[in-house]
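To start, the structure under review is shown below, and the notes come after it.
Chain identifiers are assigned alphabetically (A, B, ...) following the order of the sequence lines, protein sequences preceding nucleic acid strands; residue numbering begins at 1 within each chain.
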There are 2 protein chains.
Amino acid sequence: MSTRREAVKQALNEASGFRSAQDLYADLRAEGSKIGLTTVYRALQALSDSGEVDVLRTDEGEAVYRACASDSHHHHLVCRGCGRAVEVEGPAVEKWAEAVGAKHGFTDVTHTVEVFGTCADCSARVN
Amino acid sequence: MSTRREAVKQALNEASGFRSAQDLYADLRAEGSKIGLTTVYRALQALSDSGEVDVLRTDEGEAVYRACASDSHHHHLVCRGCGRAVEVEGPAVEKWAEAVGAKHGFTDVTHTVEVFGTCADCSARVN
DNA sequence: GTCATTTTGACAATCGTTTTCGTTTTCGGC
DNA sequence: GCCGAAAACGAAAACGATTGTCAAAATGAC
Ligand SMILES: [Zn+2]
Ligand SMILES: [Zn+2]
Ligand SMILES: [Zn+2]
Ligand SMILES: [Zn+2]
């Protein structure tokens, strides 16, 4: 694995929440790296292809990435305020999704499930 | 409600699946309308703001819209092949999402849940 | 060191979407 | 029916995220 990809992976590891390519580019430049934006995009593409990082889309359509501790199937509880994310599992949801697909004759069923909220810290900050 | 917005809403009603702004623009022009792309975007913005249509993002980040029969909270089972969508409910998922948020001290909890698969027709078409 | 291969990054191009802004249409008052 | 204000339109420009291009730089045999 190349040095640049390592750098991007590490920048992601240092973040607790989901970050966009541009966020990571800014982070890396801020800490002195001479990396280019194109390379950040390429690294993220490779990392998500290999399943090393999770990707999801914001409401605005921007792709955001996260290096998750769990490498098995899971979902996220994401703070709208600070972006912090918690990995969560939902066996009931997995079964429900499968059942829903089957009931309507769909095959090769997958799903996207994300939970959003305001974390305790962010709630406190507002009050 | 203006005539243009009606036209967009109707175009959506005639589709069984999720459609992008550009799709709808093409549909309308194809049937002779002189509507502009800007107006399609504006109509969709208004329709989704008022909750008359559902929006979601494709993996590529494109916004797609659907005029759903149900006006209460629900999710979708979407065919990857033809885009056809079925409205589905999942009380268990609703409770799970709430519980997950609460367990981690998150407030103002919402969620996005979509199920994807290949519908029976599309499965048959391939074989 | 030399040559071939891979990686990189500045820049241009693409694509969906939004903004701008002048024109057209709608509509209430006359 | 006619007039002016307000709302709706649409073409074109602007935008922002992402991808493509291509020449320079790093890497790795030999
Ligand atoms: Zn927070
Ligand atoms: Zn799942
Ligand atoms: Zn289908
Ligand atoms: Zn729900």
- Query: Quick one: A/R57 CZ to D/dT18 P, roughly how many Å, whole number?
  - Reply: 6 Å

- Query: Can you name the nearest heavy-atom pair linking B/Y41 to B/A21, along with the distance?
  - Reply: CE2-CB, 3.5 Å

- Task: Run the numbers on A/R84 and A/D121 for side-chain contact (heavy atoms from CB on, under 4.5 Å), then give the verdict.
- Result: CA-CA 10 Å; A/R84 186 178 316 165; A/D121 289 358; 3.3 Å; yes

- Message: Classify B/Q45 by what it touches in the nucleic acid, base, sugar-phosphate, or nothing, heavy-atom distance under 4.0 Å.
- Response: sugar-phosphate

- Task: Measure from the side chain of A/E62, starting at C-beta and using heavy atoms only, and say which of C/dT17, D/dG10, D/dA17 lies closest.
- Result: D/dA17

- Applying the 4.5 Å side-chain criterion to the ILVMFWY set and letting contacts propagate, would A/V88 and A/F18 be lumped into a single cluster? no

- Whole-Å distance separating the CZ atom of B/R5 from the P atom of C/dT25: 19 Å

- Without swapping roles, check the side chain of A/R57 against the backbone of B/R57 for a donor-acceptor pair under 3.5 Å. no

- Message: Can you see if the side chain of B/T39 gets near the phosphate of D/dG10 - specifically, an N or O under 4.0 Å from OP1 or OP2?
- Response: yes

- With the side chain counted from C-beta on, respond yes when B/R19 and B/D27 share a heavy-atom pair under 4.5 Å apart, and no when they do not. yes

- Message: How many whole angstroms separate atom CG of B/D59 from atom P of C/dG16?
- Response: 15 Å

- Touch check for A/Q22, heavy atoms < 4.0 angstrom, all strands: base, sugar-phosphate only, or nothing? base

- Query: Within this structure, what is the OH-to-C1' distance between A/Y41 and D/dG16, rounded to whole angstrom?
  - Reply: 9 Å

- Task: Taking all non-hydrogen atoms of both residues into account, name the closest pair between B/H75 and B/E114 and its distance.
- Result: C-OE1, 4.3 Å

- On DNA chain D, nearest-nucleotide positions of B/G36 versus A/A21: which is more 5'? B/G36

Show each protein N/O and nucleotides 12-15 of chain D N/O combination with a separation under 3.5 Å, one pair to a line.
from: D/dA12; atom 1: N6; to: B/T38; atom 2: OG1; distance (Å): 3.3

- Message: With a 4.5 Å cut-off on side-chain heavy-atom distances among I, L, V, M, F, W and Y, is there a chain of contacts connecting B/V109 to B/V100?
- Response: yes

- Query: Could you state the CG-C1' distance from A/L37 to C/dC11, rounded to the nearest angstrom?
  - Reply: 12 Å

- Item | Quiz item: A/R42 side-chain donor-acceptor pair to C/dG9 base, under 3.5 Å | yes

